[in-house]
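Right, one structure below, let's go through it.
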2 protein chains.
Amino acid sequence: MNSSKRSEQFPTADHDHQTCVTHALQEAEDFCLQQGLRLTELRHRVLELIWANHQPVGAYDLLEQLTHEGRKAAPPTIYRSLDFLLENGLIHRITSLNAYVGCNHPGLNHAAQFFICEACGQAAELDDAKIESVIARDAKRLGFTVEKRTVEVAGICAHCKLRPNP
Amino acid sequence: MNSSKRSEQFPTADHDHQTCVTHALQEAEDFCLQQGLRLTELRHRVLELIWANHQPVGAYDLLEQLTHEGRKAAPPTIYRSLDFLLENGLIHRITSLNAYVGCNHPGLNHAAQFFICEACGQAAELDDAKIESVIARDAKRLGFTVEKRTVEVAGICAHCKLRPNP
DNA sequence: TGCTATATTGTTATATTATAACGTAACATC
DNA sequence: GATGTTACGTTATAATATAACAATATAGCA
């Protein structure tokens with residue numbers, strides 16, 4: 001049985017990607033309805049594209065995908081949608097890639113960690129409380145109030161290690 | 001007694017900054033001599049500027065500082081020096097700021113963590129083995145081979161919390 | 001319903017960060 | 001001192017992101 005979520009671990013080649021996109025969109029719609037947020041057609045489409053890309057994707061890639069389907073779009077078009085999706089926890093920004101990826105746990109205020117494969121470009125989203133607590137401990141020792149955490153680990157995923165030549 | 005190192009914790013206002021710059025430069029010179037690396041005048045000056053700025057500083061800021069002192073410089077001038085300094089562990093790049101900061105432990109191959117104050121702009125460099133080991137454990141569970149870690153925590157430092165209005 | 005305030009999107013221009021490509025100068029090694 | 005290599009100069013451009021203002025759509029209310 002395949003998970004309908006993308007990135008709690010690295011997805012296998014045979015996972016049902018259409019289902020995971022559909023599921024994520026459904027969750028987002030439900031979440032926005034609950035919260036009284038306007039998931040407009042544009043925002044919905046941007047979120048769908050992000051999930052459909054199936055890995056962290058750049059703003060200008062998304063922009064090109066939007067214009068290729070006939071929509072009038074300029075950089076602010078995409079950045080404003082990204083801002084909305086970020087603010088409401090529907091996507092994450094991967095700082096080290098300048099790229100955006102769907103969030104696996106929309107609604108939960110969580111600090112995610114990312115493991116990013118340099119071979120296939122996919123990213124696994126973790127939410128390891130242990131990392132959080134170690135950071136919190138260090139912060140306490142420094143007298144530092146944490147606002148935002150960025151934990152991104154680059155390397156090679158298990159699938160790519162086995163693959164002959166990706 | 002004031003530490004001659006900048007960022008094992010957030011520096012106090014009264015710390016001897018000139019000494020910490022001088023010390024860092026001396027360490028870099030020694031290290032490059034040992035390793036047979038050419039710390040050219042340009043690279044030396046860039047490293048000095050980075051330390052003198054006393055907090056993460058952008059490439060174009062450095063560029064401006066160079067040109068203001070009469071040197072001919074264009075973006076590649078600065079980026080090439082930054083590349084040299086990064087490759088040889090003399091500075092770090094703070095991904096979330098697109099900025100560069102002197103390394104406290106040149107020569108040691110270490111994965112640093114940064115605590116970045118959003119009020120004063122200063123960054124503390126930690127090297128917490130515990131964070132490393134937790135990341136390593138997660139990586140092992142995923143079958144992931146780690147190449148590079150990025151751990152950056154933004155927030156407010158102890159000094160700025162006490163300050164009335166920075 | 002129609003009015004009005006607000007939120008969203010369109011549009012143009014520009015800021016910020018970084019690299020490509022190619023030529024010249026310095027240096028090092030023989 | 002000829003030659004290969006490394007570093008630097010120079011021009012152009014790529015990639016990412018935001019400012020500023022106009023037009024449109026939506027929501028809430030009279």
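Order of the sequence lines sets the chain letters (A, B, ...), proteins ahead of strands, with each chain counted from 1. From a predicted model like this one, the values you see are computed outputs, not experimental measurements.
Residues B:His17 and B:Val21 are in side-chain contact: their nearest non-hydrogen atoms beyond the backbone lie under 4.5 Å apart.
By the 5.5 Å and 30° criteria, B:Tyr60 is stacked with the base of C:dT17.
Listed pair B:Thr40 / D:dC8 meets the phosphate criterion, a side-chain N or O lying under 4.0 Å from OP1 or OP2.
Taking atom CZ on B:Phe84 and atom C1' on D:dA7, their separation rounds to 11 Å, with Å as the unit. The CD1 atom of B:Ile78 sits 15 Å away from the P atom of D:dT10 (whole-angstrom rounding). Between A:Leu82 atom CG and D:dA17 atom P the separation is 9 Å, expressed in whole Å. We find that NZ of A:Lys72 is positioned 19 Å from P of D:dA22, with the value rounded to whole Å. Nucleotide D:dT11 holds its P atom 13 Å from the CZ atom of B:Arg80, rounded to whole Å. Note: CG (A:Leu97) to P (C:dA18) measures 14 Å, nearest angstrom. Here the C1' atom of nucleotide D:dA7 and the CD atom of B:Glu87 are 13 Å apart, to the nearest Å. Put simply, OH on B:Tyr79 is 16 Å from P on D:dA14, counting in whole angstrom units.
B:Arg141 and B:Asp138 are joined by a salt bridge, as a carboxylate oxygen and a charged side-chain nitrogen come within less than 4.0 angstrom of each other.
When distances run from any side-chain atom of B:Arg93 to the nucleotides D:dT10, C:dA18, D:dT18, the shortest one goes to C:dA18. Distances from the side chain of A:Asn98 to the nucleotides C:dT9, D:dA17, D:dC8 place D:dA17 closest. Comparing D:dC8, C:dT8, D:dT11 by their nearest atom to the side chain of B:Ala74 picks out D:dT11.
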* To do: Assess whether salt bridge (Lys or Arg N to Asp or Glu O under 4.0 Å) is satisfied between A:Glu118 and B:Lys148, documenting all intermediate values.
  => CA-CA 10 Å; A:Glu118 290 168 327; B:Lys148 207 187 82 181; over 6 Å; no
* To do: Verify side-chain hydrogen bond (donor to acceptor under 3.5 Å, both in side chains) between B:Asp30 and B:Gln26, making sure each step is shown before the conclusion.
  => CA-CA 6 Å; B:Asp30 294 350; B:Gln26 186 62 55; 3.0 Å; yes
* May I have the step-by-step check of ring pair (Phe, Tyr, Trp, His ring centres under 6.0 Å) for A:Phe10 and B:Phe144, ending in yes or no? => CA-CA 10 Å; A:Phe10 288 90; B:Phe144 187 92; 5.7 Å; yes
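Ranked by how close their nearest DNA chain C nucleotide is to the 5' end, A:Arg38 and A:Pro76 are led by A:Arg38. The residue among B:Arg71 and A:Gly58 whose nearest nucleotide of DNA chain D is located toward the 5' end is B:Arg71.
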